[in-house]
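First the structure, in the form of structure tokens, and then the observations on it.
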Protein chains: 4
Amino acid sequence: MNKVFLIGRLTREPELRFTPGTGIAVANFTLAVDRNYVGQDGQKQADFIPVICWRKLAEVVANNLGKGRLVAVSGSIQTSSYQAQDGSKRYKVEVVADEVKFLDWPKDNKDDGGVDGFYPVDGDEDIPFR
Amino acid sequence: MNKVFLIGRLTREPELRFTPGTGIAVANFTLAVDRNYVGQDGQKQADFIPVICWRKLAEVVANNLGKGRLVAVSGSIQTSSYQAQDGSKRYKVEVVADEVKFLDWPKDNKDDGGVDGFYPVDGDEDIPFR
Amino acid sequence: MNKVFLIGRLTREPELRFTPGTGIAVANFTLAVDRNYVGQDGQKQADFIPVICWRKLAEVVANNLGKGRLVAVSGSIQTSSYQAQDGSKRYKVEVVADEVKFLDWPKDNKDDGGVDGFYPVDGDEDIPFR
Amino acid sequence: MNKVFLIGRLTREPELRFTPGTGIAVANFTLAVDRNYVGQDGQKQADFIPVICWRKLAEVVANNLGKGRLVAVSGSIQTSSYQAQDGSKRYKVEVVADEVKFLDWPKDNKDDGGVDGFYPVDGDEDIPFR
DNA sequence: TTTT
DNA sequence: TTTT
């Protein structure tokens with residue numbers, strides 16, 4: 001069992017890429033998740049969690065989310081290792097999202113029509129994926 | 001919201017340390033969490049997740065767990081940054097445990113007496129903490 | 001381990017009561033949580049989950065939330081049994097909240113001033129409790 | 001979002017049934033989940049949570065689990081209403097499992113062969129489902 | 001109706 | 001008895 005639930009805001013635009021041979025969509029973003037407590041010396045009060053998602057979910061995320069947007073993410077923790085430029089082994093820990101739920105919608109958003117009624121209004125729209 | 005649930009096995013003995021000035025106990029271990037799927041090319045089938053715990057929980061973990069033990073962990077994801085030896089900034093992602101539940105007990109364990117039947121057998125013992 | 005995470009909307013005002021002798025605050029509400037799928041025959045598309053909370057959290061909830069508000073709840077499932085009016089034994093299953101995070105704020109809300117910008121806007125406000 | 005994680009023991013054998021027309025497998029069981037705290041007056045220290053599962057998972061559960069077995073369940077809370085015998089409306093709250101992980105294996109178990117190597121040993125075996 |  |  002490996003389950004994660006996060007609610008936080010994107011620190012920047014998601015990055016969308018495609019796997020070289022197979023052309024599968026991958027999106028990366030960082031989620032700023034506020035801590036409930038404050039550091040005794042005013043230190044960092046948020047965790048900045050790297051999130052990755054794949055395929056249809058990657059595209060929905062890349063096409064609909066931007067810096068500052070509030071989302072809920074469910075998924076799991078994935079670890080991997082890779083070779084750094086200096087040849088040393090480095091370890092990566094990130095969250096693989098399998099659901100991303102939009103929890104707000106920009107107030108100044110003008111585009112509130114949307115094709116064929118699909119439109120993530122009021123955070124009550126689930127992302128179709130997989 | 002920042003919630004994590006893991007079930008897996010310790011890859012080695014937990015490391016117990018104490019904070020310099022204040023002497024607060026900290027334990028670190030890595031949890032091997034099996035994936036449900038297998039890589040198409042026989043790749044890695046487990047995630048190796050760094051876990052940290054504090055105070056009483058750190059001591060209970062260090063005194064009772066060892067390599068191969070099966071546990072359930074609940075907690076949250078914590079990120080931090082630090083200076084690497086070469087001066088570059090590096091990022092760390094780990095799980096801060098706030099509950100660790102023992103789910104097995106070594107079969108070859110001889111010490112199965114304990115006062116008045118109190119003994120963390122069968123994974124039904126909750127770790128008192130905080 | 002007994003952990004629950006929900007995101008949904010209140011179906012009505014929370015009910016605030018106090019325990020008879022001790023005067024401890026208790027609040028009850030129902031959370032409508034949309035399902036991701038639709039019934040093949042247009043059946044119910046939401047679960048209506050009973051939630052209870054205690055003490056300070058009960059008061060914050062009762063004083064700040066109303067019908068239609070979007071929240072995230074973390075807690076656990078609690079079961080109990082009781083005597084029905086006809087003397088038969090009945091079983092109750094509900095969620096005991098230990099965190100409630102506000103995820104929206106009513107649009108027509110006039111009270112958006114607050115001292116020095118502190119105001120639970122944008123779902124980024126954590127409920128202090130316990 | 002509607003997510004549940006439980007670790008507990010079955011209070012009895014699972015019940016396996018099949019839907020009337022379509023013959024889909026359904027299994028029901030109750031999970032006894034110990035509470036971390038004790039009632040001030042020695043009250044109940046466990047929650048008895050109704051769990052339902054479907055199809056392949058229902059069959060695996062019914063064929064492999066019995067009273068007292070320790071499992072981890074992930075799933076969601078589902079509510080429904082029905083007509084009681086006296087005509088009154090009654091509400092049901094239960095957990096729909098989508099993963100069940102075996103965490104122990106009976107000590108006195110003689111049947112440790114199993115067809116084609118499939119055998120839930122050491123709690124490290126995931127239930128294949130869906 | 002409750003498990004260890 | 002159900003929310004948007």
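Sequence lines set the chain letters: A, B, ... in the order given, protein chains first and strands last, and positions in each chain run from 1.
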Would you verify whether the NZ or CZ of C:Arg12 falls within 45 degrees of the ring axis of C:Phe29 while also being under 6.0 Å from that six-membered ring's centre?
-> no
Got a salt bridge between D:Glu13 and D:Arg69, using NZ or NE/NH1/NH2 to carboxylate O under 4.0 Å?
-> no
Please give, in whole Å, the distance from E:dT2 C1' to D:Asp34 CG?
-> 12 Å
Roughly, in whole Å, what's the span from CG in C:Asp47 to P in F:dT2?
-> 14 Å
If you check every side-chain atom of C:Lys67, which of F:dT3, F:dT2, E:dT3 has the closest atom?
-> F:dT3
What nucleotide among F:dT2, F:dT3, E:dT3 has an atom nearest to a side-chain atom of C:Thr30?
-> F:dT2
Assign D:Gly68 to base, sugar-phosphate, or nothing according to its heavy-atom contacts below 4.0 angstrom with the strands shown.
-> sugar-phosphate
What is the distance from CG of B:Asp104 to P of E:dT4, rounded to the nearest Å?
-> 18 Å
Grab the CZ-C1' distance between D:Phe48 and E:dT2 for me, whole Å please.
-> 4 Å
Nearest-angstrom distance from the residue atom CZ of C:Arg12 to C1' of F:dT2 | 9 Å
When the distance from CD1 of C:Ile7 to C1' of F:dT4 is rounded to whole Å, what number comes out?
-> 14 Å
Take atom NZ of A:Lys101 and atom P of F:dT4, then tell me their distance rounded to the nearest Å.
-> 14 Å
With rounding to the nearest 0.5 Å, note down the distance linking SG in C:Cys53 to CD in C:Glu59.
-> 10.0 Å
Could you check if a side-chain atom of C:Arg9 sits within less than 4.5 angstrom of a side-chain atom of C:Asp104, using non-hydrogen atoms only?
-> yes
Can you tell me how far P of E:dT3 sits from CD of D:Glu13, to the nearest Å?
-> 13 Å
